[in-house]
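Lettering of chains follows the sequences in order, A, B, ..., and the numbering in each one begins at 1. The model shown is predicted, which means the values in this text are computed figures rather than measured ones.
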There are 2 protein chains.
Amino acid sequence: MTSAPVTAATPALLRRVNAGKLLGVLSTAGVMTGTGLIQATGLTRATVHAVCNDLIDMGWVVELDPGRDDTAVGRPSRRFEFNSRAGYVLGIDIGAGRTTVLLADLRGETLAKAGRSLSSVKTPAERTGLVHEAVVEALAVADVRDSQVLAAGVGVAAPVDRAGNILVDDEFWRRFDTDLGHRLTELHGWPVLLENDANLAVLGEHWRGQGQGIDDLAVLLAGERFGSGLMDSGRLLHGSRGGAGEMLYLKLVEGVGDTHGIARTTRDQAVAVLADPTVRTRLRDVSEVTAEEVFAAAAAGDEVALGILRSVAARTARVVATLGILVNPELVVIGGAVAEAAGQLLPDIEEQLAGYTSTPPRVAVSSLGDAIVSVGAVRHALNYVEQHALDLVLTRSA
Amino acid sequence: MTSAPVTAATPALLRRVNAGKLLGVLSTAGVMTGTGLIQATGLTRATVHAVCNDLIDMGWVVELDPGRDDTAVGRPSRRFEFNSRAGYVLGIDIGAGRTTVLLADLRGETLAKAGRSLSSVKTPAERTGLVHEAVVEALAVADVRDSQVLAAGVGVAAPVDRAGNILVDDEFWRRFDTDLGHRLTELHGWPVLLENDANLAVLGEHWRGQGQGIDDLAVLLAGERFGSGLMDSGRLLHGSRGGAGEMLYLKLVEGVGDTHGIARTTRDQAVAVLADPTVRTRLRDVSEVTAEEVFAAAAAGDEVALGILRSVAARTARVVATLGILVNPELVVIGGAVAEAAGQLLPDIEEQLAGYTSTPPRVAVSSLGDAIVSVGAVRHALNYVEQHALDLVLTRSA
DNA sequence: GTGATTAATATAGACTCTAAATTTAGGTTC
DNA sequence: GAACCTAAATTTAGAGTCTATATTAATCAC
């Protein structure tokens, strides 16, 4: 009835539980004394020391010179610190036009970043090759070897089931390498954890973005196409085929009609307006009509641009409303290529949103920029490492 | 890092874990021998016996006369059985027009059922009074006392947060007694677990309905108003203010426009059609136009009624499509007052659904009838009991 | 009855934790 | 620099839990 581990509970399980707890405290706190750990965990000194010795042997914890925290009375404490260099993780974003690789230590601090454009990619093999190049570059910058990488989180713009399989249902994604994960493992040896990009985005925002401390959270990737990642009670929603957060239903939403994101809609509307030669706007002066140009013109007071943005905001509000009502997050974070500029839209979006529900979610704009997916990928990899910490054998060279 | 209990793990935790595991096996299996439990849990005979003795002392398990399973060789085994009468639970559905109470044993078998019409209720106190009456009746029928009831699950048609608070945002619900839970606890003494009715419906379908074994599940209550309960990976979605599954977004969905359910829409469309005196249909013969009459007429081949149902099916398909795409359940179960009749709509709904997504959820009609919420309420109460089994003190009179 | 078979019971040992007594490594004070 | 103070480390004893193995018990077959 009560949930229980799969195997029988033997005395060794206690040590495992307590080691996990202690490691959890150490991984989020800084340097800690034995006494500090006693207070944080409720364990006895004898146990704390025994567990710490185990963790030191395993390589997860290092012991510093004895010392004290200013107040200097009594025998100096043993001081323990999480060994954030016991291993490394990779966070890889494989987008339509670009791949971004982050290398991080076990605290999630970024040690290196590398990227490659994928816009000219023709075959899956080419794409894998460029990802490989970026990974090699990132590892080289930080002087980290493959054997020290404990896991890699990889985000792709396709549904991914809970087992990490890329599910391709439409023609577009058939051009994608669904075996990407195995290829990377073959090349480098580390475990590859595939996940949908919007799902990783919500992990990223929950960890290091606007959604910190908010366990009912949605992220709306709003660049060229709308996509969303959903979190309820701190847990990522997946759906039966990895499709949770899929936005195709927008075709059925009045005033939306398709899954085009903010950037694309802004561009399309600008082009449509400019087709009328009598319309006067500074948008005529730009060499190419892009969303950025429209945002800039609006910021400069151009009435036509402002009108377009009002319309885009109204449309976005409807998207947020549907998500907000059905899934009921506390906060919806708007991310993706246009996130920064989308700040201009916020007041309009919030105003419109109030018209659809009396309990609208809060809306914020991502501060993670184009790293939103790769940061989430790092978090995804760290989750895996934390889950398996006591089973992993570290390469003790670190 | 690894999830761990709040308190420090002491040797007593092992016994707790193993007791929980053993109780879980016993509560789902029937009579089990010591050897059977050894195989099911991986524990040693010594441990199994020690734990069983504990559980017998606590009242959760009863020991039968030694005996054997046909194959008769060797010393007879001790035989253990989950004591499904160690306590009882209530499942209470408080709907707009009616309250239904189920009394069940700890295996979830229904022992008594009672109900009261709430259609003439004017005040919260009256409603509570009628619920109380129904509870008293159910307990009396099965000769169960309040002190033997371990928990009651209560479903209401309002958002309920994770702490069990009814959240009233609109005027309609202000007429509801948001303090209902405390009133019932005062009256009877047992813990009251409030939950949204559609959320309970999905628990019910997952437990004893069409959704058994399906962990990504949605239930669409489709009677007078659409409401939904969502489950991802076996876990109920709540949202930040208990609003997950809220259908108000349907106002924004083309071809839907409001949250009216199948019964109401069917009725409304029939009335609209009949307003044209030139239309010939057997619906003119009925004394009052109801959804049931339209379904019956359609079943009898009435073209006008069939046309209405096609339209209602198309509308319902859009509702299912939005849910199915965004949350991606494996199965959507249609429940509520019209569930049985809605079987007629299934082929149309499925056909339309295929037009909206290439990976539509399966659609089924609930077989739990009007007990869908109360059955879920029983499951909700049982979940609570299982969670707290080893902390509860049973009234040993049972 | 005697033997075979299966399970219960008893005993010894290992691992984990807590709790309390003892020792240690610094400071401070005179 | 010796005596004292303090907080932490270390040691020791004890209790709870599990496994593993040996012993005993109950039943059936012959």
Among B/V144, B/T110, B/V141, which one satisfies side chain to side chain contact (heavy atoms under 4.5 Å, CB included) with B/L103?
B/V144
Nucleotide by nucleotide, nucleotides 10-25 of chain D touches protein heavy atoms under 4.0 Å in the pattern (B base, S sugar-phosphate only, - none) B-----BBSB-----B
For B/Y384 and B/H380, run ring pair (Phe, Tyr, Trp, His ring centres under 6.0 Å): C-alpha distance rounded to whole Å, both residues' side-chain angles, the deciding distance at 0.1 Å, then the answer.
CA-CA 7 Å; B/Y384 170 86; B/H380 192 45; 8.6 Å; no
Are any of the side-chain nitrogens in B/E195 or B/R162 under 4.0 Å away from the carboxylate oxygens of its partner?
no
Let me know the distance between NZ of A/K21 and P of C/dT16, rounded to the nearest Å.
17 Å
In whole Å, I'd like the distance from the CD atom of B/Q39 to the C1' atom of C/dT6.
12 Å
Can you find a pair of side-chain heavy atoms, one from B/F80 and one from B/L64, that are under 4.5 Å apart?
no
Between B/D391 and B/R16 (salt bridge meaning N to carboxylate O under 4.0 Å), is one present in this structure?
yes
Measure from CZ on B/R79 to P on D/dA26 and round the result to the nearest Å.
17 Å
How long is the line joining CG of B/D65 and C1' of D/dT27, in whole Å?
15 Å
Applying side chain to side chain contact (heavy atoms under 4.5 Å, CB included), run through A/R235 and B/R235 and close with a yes or a no.
CA-CA 10 Å; A/R235 270 188 279 268; B/R235 269 188 278 268; 2.8 Å; yes
